[in-house]
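Worksheet: one structure, shown below.
Here is the naming used below: chain letters follow the sequence lines, and residue numbers restart at 1 for every chain.
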Amino acid sequence: MALSLKLNGRTHQVEAEPGTPLLWVIRDELKLTGTKFGCGVAACGACTVHLDGQPVRSCQTYVEDAEGAEITTIEGLDSKVSKAVQDAWVELDVVQCGYCQSGQIMSAVGLLSENPKPTVEEIDDYMNSNACRCATYQRIRAAIQRASEMMEA
Amino acid sequence: MTLNTSRRGFLESAAAAAAVLYVGVRPDGALAAGAAPAQLNPFVKIDADGTVTAIVKHFEKGQGPATGLTTLIAEELGVSMEDIQYEFAPSDPSRYANLAFGQMQGTGGSTAMANSFMQYRQAGAAAREMLIKAAAEAWGADATELTLEDGVIKGAGQEAPLAEFVAATAQMEAPAEPRLKDPSEFRLIGNASVKRKDSLPKTNGTAMYAMDLHLPNQMVAVIIRTPRMGGLASGFDDAGAKAVKGYIRAAVLPNQAGVAVYAEDTWAAFQARDAITVDWDFSNAESRSSDQIREELLAAVNAEPEYNVTGADHAATTEQIEGAAQVVEQTFYFPLLAHAPMEPLTCTIEADADGGVTLHDGCQFPTGPHMALAQIFQLPMEKVRINTMFAGGSFGRRATPTADYQVEAALAFALTDRTRPVKLVWSREDDITGGYYRPAVAHRVRVGLDAAGNITGWDHRIAAQSILKGTAFESMMVHGGVDHSSVEGVADTPYRIPGQFTGLTDVAKATSVLWWRSVGHTHTAYVMEVMMDEAARAAGRDPVDFRLTLLEGGGDDQQRLAGVLILAADKGGWGSAPEGRSQGIAVHKSFGSYVAELVEISGNADGGVKIEKVTCAVDCGIAVNPDVIKAQMEGGIGYGLGHAMRNVITLTGGEVDQFNFPDYEPLRIGDIGAIEVHIVPSAEMPTGVGEPGTPPSAPALANAIAVNGPRVTALPMNLNGVSFA
């Protein structure tokens, strides 16, 4: 079926079968590969994108359900919060293999957008379903705190 | 290393690229320089505009060589880290072999920095001397008056960027003995403020992993693999798949290991695969369960060992233990584990215009797949190319002696008309069920203590599924029947243990097994360090003091192990845990590095353990990139603890019971409160950091739990009496 997706500020006409995960339309059809495939069952968070500013797992979001929403991927981040998060990630050299980090960043932007000064417990709670097999968690936590500081400045 | 005194071999196409300087190694191992990259395969490339590029021979799975090897070039050449780029080397073991592996190009065993340290520094230093020589000639100055720092050559009243002298180096010979910096002159090596080179692309979504490759006109292939080792596909029914839009076709692989399913895109391939049923011949397939494997392993450690690993006198050890004042005894069991790198396995193969093929892969051991592809396609080695991309983790999984997934891709590609690139994609379910696990292992240890609490004998028996037997590496890594990877960390422990006997028995594999971050040390460190704690407790001694006693009077090895133990104990506040907290400590040498970890927990095994803090001390020789080393310790600790807490692969009737992350639950952000890493200052040659952080983590946790809870002798902990908060 033909669909119209609003993604990163642009409208894309795409062709996809109903029930196709948004993840695969983003990656294989639109060829935006910053959004990652990690598990396909919403257990790792590597595929996290924003729908109307809310982090969702694109591997468990049907493409037809995303029609009409503002979809943002890592490539389309462009806000004070996202700049602080990405700057903090680079400043603290959070990444190792890096494969999960797009999803981590999309979740972190979601957290700081609704809670600009999270406690450690709130960070751990919110970020709990984003897995990092390299275990960069100490730095993810620190980078979210650092981004929070940057946002105040 | 001998140095080049001839320009033979790199002058042929000098004119074509006259304004580019390359410095590298020739096939005979000599340092060489010139303008013909095809002949030199350099470590450093300088374009006419002065752009400096380090050619990195190790793949980047997060462990840091893209930063580390680049640092070595930048340091000796005299450019800032901001002004140097990097790219991954092509597959060519004659130039890019891992010096620790002989004639093989590959990354593993935490060797990337150790084997590159002198090689890359020499390449950078040679380039510096050539540029300075060119400047000296241009300025009529003495080369000794000139310096190259931050990309600028200065001296004799002159100053110019290095770019001005690149062209002049094209006809120059590499210096016979480039002077390397004295460590006191280092500006980048050892500098904690040097940043990772790959942070930005991995933070904005532009980093390209093999999973992200999308070649024009490509097909996606997924494989339906045998659910039991040794099963053979004899046919399939794809009637259901024909309704899937984008499904192309399916074909039994030539080796019958499975059925390849081809589709226009990934989702179509997954959908089509689910709609295909395969006819399997299981007549020679594995049918054992993991419970049976466990029983076989436990029986083996209670019988006379197949191999006496070190040739120690077993009868004497037995006698020393029998006659001891007290005997401490434990039996241990370690289950199969999956690596589960974040990026599922994937690679792409395409045909090249000259009849060759290119493999696009986050390639860990290029030489293996290179040879395998040459054989499958009946091509000379030079017509097989490997484009190494970022790898989304590995932990050992991307380096199989069989080149398993690259061979799958090659077989799938070979079954097509080869006009369309084939991208092989593994799902997470493929990964979790796909074999190549950390082997299941059992240990049984009996330690004799005299009345004063001194060890009189240590009888250590291991039963394991050998990683290396039956592989291409057997002749290199199995000696006298002993697979060293089964006993490393026990047979070669730096502890000076009186009457130590190490026995090994091999038990048949029920699934394919593979090295897993820190290989044998994944279980040997656990057993050694838990037994040290048990013995110290039985002797009524402090666990740190007890260990130090066994390191007294030793050499460098013992002193360095003691050094990290003391540092971790000191920094972690050993013996002064806050109210309600328990501490455990462990120390282990692996891959040439010494690591101690102190784990502090709250709660207990019944009510729920929470890991509050881990304090780590590491001695890995010269710390080239201290922040990368810290990151590797943090990651290695997390990897070790997460699996010890709750990961297990089990088999029922030869089939894997787990499927995906929900039943192979990864470590999560809240599982560890804090990690603090301290690096021992050292002038020794650099050693590994990718793996050594993992081994001490689980035994340190076990030792903390045992303070007011059970002694955990089988993993994972959550299935063996420990709940976690």
Among the listed options B/Phe390, B/Phe661, B/Tyr209, B/Phe395, the residue most often paired with chain A at heavy-atom distances under 4.5 Å: B/Tyr209

Under 3.5 Å side-chain donor-acceptor pair for B/Gln632 and A/Gln96: yes

Engaged part of A/Asn130 at the chain B interface, taking heavy atoms whose separation is under 4.5 Å: backbone

Residues, nucleotides or ligands: over 12 heavy atoms within 6.0 Å of A/Asp78 CG: no

Part of B/Lys197 lying under 4.5 Å from any heavy atom of chain A: neither

Interface residue of largest heavy-atom contact number with chain A, from B/Gly392, B/Ala340, B/Pro662, B/Ala207, under 4.5 Å: B/Ala340

The single option from B/Leu200, B/Asn204, B/Thr203 passing side-chain contact (heavy atoms from CB on, under 4.5 Å) against A/Trp89: B/Thr203

Contact class of B/Tyr664 relative to chain A, heavy atoms under 4.5 angstrom: side chain

Pair B/Phe270 + A/Phe37: ring centers closer than 6.0 Å: yes

Best-contacting candidate, B/Arg668, B/Lys202, B/Glu634, B/Arg428, against chain A by heavy atom pairs under 4.5 angstrom: B/Arg668

Residue A/Thr136 versus chain B: region with a heavy atom under 4.5 Å: neither

Check: B/Pro666 main-chain N/O paired with A/Arg133 side-chain donor or acceptor under 3.5 Å: no

Between CG on residue B/Asp431 and SG on residue A/Cys39, distance to nearest 0.5 Å: 11.5 Å

For B/Gly393 against A/Cys97, the heavy-atom pair lying closest together: N-CB, 3.2 Å

Expected output: side-chain B/Lys195 to main-chain A/Glu91 donor-acceptor under 3.5 Å: yes

Engaged part of B/Thr266 at the chain A interface, taking heavy atoms whose separation is under 4.5 Å: both

Contacting region of B/Glu429 [heavy-atom separation from chain A under 4.5 Å]: side chain

Contacting moiety of B/Asp198, where chain A heavy atoms sit under 4.5 Å: both

Region of B/Ala631 that comes under 4.5 Å of a non-hydrogen atom in chain A: both

Short side-chain to backbone donor-acceptor contact, B/Asp265 and A/Asp28, under 3.5 Å: no

Partner chain B: residue of A/Gly34, A/Gly98, A/Cys100 with the largest heavy-atom pair count (under 4.5 Å): A/Gly98

Crowding at NZ, B/Lys610 (>12 non-hydrogen neighbours, <6.0 Å): yes

Test salt bridge (charged side-chain N to carboxylate O under 4.0 Å, His left out) applied to B/Asp212 and A/Arg27, step by step: CA-CA 8 Å; B/Asp212 300 331; A/Arg27 284 184 58 84; 3.0 Å; yes

Residue among A/Glu121, A/Met127, A/Glu17 with most heavy-atom pairs under 4.5 Å to chain B: A/Glu17

Interchain contact, B/Asp627 with chain A, by part (heavy-atom threshold 4.5 Å): both

Which of A/Asn128, A/Leu77, A/Thr73, A/Ile105 touches chain B most, by non-hydrogen pairs under 4.5 Å: A/Asn128

Distance (rounded to the nearest 0.5 Å) between B/Met633 CE and A/Gln138 CD: 14.5 Å

B/Pro344 versus A/Tyr99, closest heavy-atom pair with distance: CD-OH, 4.1 Å

Heavy-atom neighbours of A/Tyr62 OH exceed 12 at 6.0 Å: no

Sidechain-backbone polar pair: A/Arg141 side chain, B/Gly673 backbone, donor-acceptor under 3.5 Å: yes

From A/Gln101 atom CD to B/Met342 atom CE, the distance as rounded to the nearest 0.5 Å: 10.0 Å

Side chain / backbone / both / neither for B/Leu641 at chain A, heavy atoms under 4.5 Å: neither

Over all atoms of both residues, closest heavy-atom pair of A/Asp93 and B/Val194: OD2-O, 4.4 Å

Worked check of side chain to side chain contact (heavy atoms under 4.5 Å, CB included) between B/Leu667 and A/Tyr137: CA-CA 9 Å; B/Leu667 183 85; A/Tyr137 297 125; 3.7 Å; yes

Selection from A/Ala42, A/Ala16, A/Pro21, A/Cys44 maximising heavy-atom pairs under 4.5 Å formed with chain B: A/Pro21

Stepwise side chain to side chain contact (heavy atoms under 4.5 Å, CB included) test for A/Thr33 and B/His214: CA-CA 9 Å; A/Thr33 54; B/His214 199 286; 5.9 Å; no

Most contacts with chain B, counted as non-hydrogen pairs under 4.5 angstrom, among A/Glu29, A/Lys31, A/Glu75, A/Gln104: A/Lys31

